[in-house]
Amino acid sequence: MCRISLTIISLLASCYLFAQEANFKKIDLSFHAGVDYPIGTSNTVGVDPDFRLPFAHKWSGTFDGAYFFTKNYGVGLKYHFFSAKDEGVGLLRPNTIYGYTMKEATHFIGPALYGRWMLGHTKWEIPVNISLGYVRNTLSDLQEVYRVVDQLEPDGLSLGGSSNTAVYGHNDMKSNTIGVMFSAGIRYRILPFLGIGVYGNGMFASADKQHSTNFLTGQPVTIDNPRKMNRIGFSAGLDICF
């Protein structure tokens, strides 16, 4: 009798654990915002062959939509957006001052693999994902200014004597390529269906060419001017599960 009772208890416990395992949240939606920082040195040449259009670090946003087919693993879609407005001035050569203004926007979208693990019996969870996707980068409102001077003031950037100024404006330059994104973080379940978290991510992509239009004819042109899009970022946001 005792053996039968133990068997029944064991079966009930197994059924309970199976039910708990099968009752995991299958849909996981995440919305994050933060800042992206460039990695490495720009290789995009300006009008002057000695000038490289720099990188900027500005705002980013991420959406992840995943379907979990087990408690810990799922598949889904990742979208990442980066937007920056940048300007600067510097000394290009002993007698040449340069200045620039530009806007940059990057879109990443692609399928992703997702994982998540609870930290013991706490409300803390570790989410990770990796994605391979399409990347589109756009440089817009781009203007370069070069001043060749006879004499520089002691601060190195003020003009002295006579100078010759050239201003170059550009149409939008767009790059299309394939990139990879990684993300990992930690989040806390406020409610069974709602969590808050912080994340770190990395995007790695590089385009060999840029596409623009001829300023005079309006015809499309391809420019052999590469653009790196390697960045790391940090963000925070909400996670919804059901």
Review point. What do the steps show when you test Met229 against Val135 for side-chain contact (heavy atoms from CB on, under 4.5 Å), and what is the final call?
Key: CA-CA 9 Å; Met229 288 158 275; Val135 182; 3.7 Å; yes
Review point. Any chance the rings of Tyr79 and Phe63 have centres within less than 6.0 Å?
Key: no
Point to revise | Stepwise side-chain contact (heavy atoms from CB on, under 4.5 Å) check, Asn129 with Asp64 | key: CA-CA 9 Å; Asn129 61 73; Asp64 286 291; 4.2 Å; yes
Review point. What are the two closest non-hydrogen atoms of Lys58 and Ala84, and how far apart are they?
Key: CG-CB, 3.2 Å
Revision key, fill the gap. Interatomic distance, OG@Ser175 vs CG@Asp208, rounded to 0.5 Å, equals 9.5 Å
Review point. Can you find a pair of side-chain heavy atoms, one from Val89 and one from Ile97, that are under 4.5 Å apart?
Key: yes
Practice item. Please work out whether the ring planes of Phe182 and Phe204 are parallel, tilted or perpendicular, with thresholds of 30° and 60°. Key: perpendicular
Check your understanding: Just how far is it from atom CD1 of Ile232 to atom NE2 of His57, taken to the nearest 0.5 Å?
Key -> 11.5 Å
Review point. Would Arg116 count as a cation-pi partner of Phe68, with NZ or CZ less than 6.0 Å from the six-membered ring centre and within 45° of the ring normal?
Key: yes
Point to revise | Closest non-hydrogen atom pair between Lys123 and Ile190, with its separation | key: NZ-O, 4.5 Å
Point to revise | Linked, directly or transitively: Val75 and Ile240 (ILVMFWY side chains, under 4.5 Å) | key: yes
Check your understanding: Would a hydrophobic clustering, with Ile, Leu, Val, Met, Phe, Trp and Tyr connected at side-chain separations under 4.5 Å, put Leu139 with Val167?
Key -> no
Review point. Is it the case that one hydrophobic cluster holds both Ile196 and Val35, taking links as side-chain heavy atoms less than 4.5 Å apart, direct or via other members?
Key: yes
Exercise for review: Name all pairs fulfilling the salt bridge (charged side-chain N to carboxylate O under 4.0 Å, His left out) condition that reach into residues 96-112, sequence neighbours left out, sorted by first residue then second.
Suggested key: Lys103-Asp141, Glu104-Arg227, Glu104-Arg231
Point to revise | side-chain contact (heavy atoms from CB on, under 4.5 Å) evaluation trace for Leu142 with Leu53 | key: CA-CA 10 Å; Leu142 176 58; Leu53 294 176; 3.7 Å; yes
Review point. Does Glu144 reach the side chain of Phe51, with side-chain heavy atoms less than 4.5 Å apart?
Key: yes
**Study point:** Arg52 vs Val45 side-chain heavy atoms within contact, under 4.5 Å
**Key:** yes
Review point. Just wondering, more than 12 heavy atoms not from Glu87 lying within 6.0 Å of its CD?
Key: no
Review point. Taking all non-hydrogen atoms of both residues, which atom of Asn171 and which atom of Ser212 are closest, and how far apart?
Key: CB-OG, 3.5 Å
Check your understanding: Linking I/L/V/M/F/W/Y whenever their side-chain heavy atoms sit closer than 4.5 Å, directly or via other members, would Leu119 and Tyr188 fall into one cluster?
Key -> yes
Practice item. Describe, in one word, how the ring planes of Phe81 and His107 are oriented to each other, choosing from parallel (under 30°), tilted (30 to 60°) and perpendicular (over 60°). Key: tilted
Exercise for review: Would you indicate whether the side-chain heavy atoms of Thr101 and Asp86 approach each other to under 4.5 Å?
Suggested key: no
Point to revise | Connected via hydrophobic side-chain network under 4.5 Å: Phe82 and Met181 | key: no
Exercise for review: Might you work through the side-chain contact (heavy atoms from CB on, under 4.5 Å) test for Phe69 and Lys26, ending with a clear yes or no?
Suggested key: CA-CA 7 Å; Phe69 48 85; Lys26 294 184 178 181; over 6 Å; no
Exercise for review: Could you tell me how the ring of Tyr168 sits relative to the ring of Tyr146: parallel (under 30°), tilted (30 to 60°) or perpendicular (over 60°)?
Suggested key: perpendicular
**Study point:** Approximate separation, where rounding is to 0.5 Å, of Asp239 CG and His32 NE2
**Key:** 4.0 Å
Check your understanding: For Tyr98 and Asp50, what are the C-alpha separation, side-chain angles and deciding distance, and is it a side chain to side chain donor-acceptor pair (under 3.5 Å)?
Key -> CA-CA 11 Å; Tyr98 75 90; Asp50 292 331; over 6 Å; no
Review point. Would Asn137 and Thr106 count as having a side-chain donor-acceptor pair, cut-off 3.5 Å?
Key: yes
Point to revise | Minimum heavy-atom distance Ser183-Lys78, with the two atoms named | key: CB-NZ, 4.2 Å
Exercise for review: Check whether any side-chain heavy atom of Ser131 lies under 4.5 Å from a side-chain heavy atom of Val180, and answer yes or no.
Suggested key: no
Point to revise | Min side-chain heavy-atom separation Pro127-Trp117 under 4.5 Å | key: no
Practice item. Please report the closest heavy-atom contact between Thr44 and Pro226, naming both atoms and the distance. Key: OG1-O, 2.7 Å
Review point. Does the Tyr114 side chain pair with the main chain of Leu77, one donor and one acceptor, at a distance under 3.5 Å?
Key: yes
Practice item. Could you list the residues that satisfy ring pair (Phe, Tyr, Trp, His ring centres under 6.0 Å) with His80, not counting sequence neighbours? Key: none
Revision key, fill the gap. One should read off an interatomic distance between Tyr199 OH and Ile186 CD1, to the nearest 0.5 angstrom, of 10.0 Å
Revision key, fill the gap. Heavy-atom nearest pair, Arg189 first then Cys241, reads NH2-SG, 2.8 Å
Exercise for review: Hey, could you give me the CE/CG distance between Met118 and Asn72, rounded to the nearest 0.5 Å?
Suggested key: 10.5 Å
Review point. Does the gap between the ring centers of Phe242 and Phe193 come in under 6.0 Å?
Key: no
Exercise for review: For Asp28 and Tyr67, test the side chains for any donor-to-acceptor distance below 3.5 angstrom and give the result as yes or no.
Suggested key: no
**Study point:** Spacing of CG belonging to Asp36 relative to CG belonging to Asn230, to within rounding of 0.5 Å
**Key:** 11.5 Å
Exercise for review: Side-chain contact test, heavy atoms from C-beta onward, threshold under 4.5 Å: evaluate it for Arg136 versus Lys174 and give yes or no.
Suggested key: yes
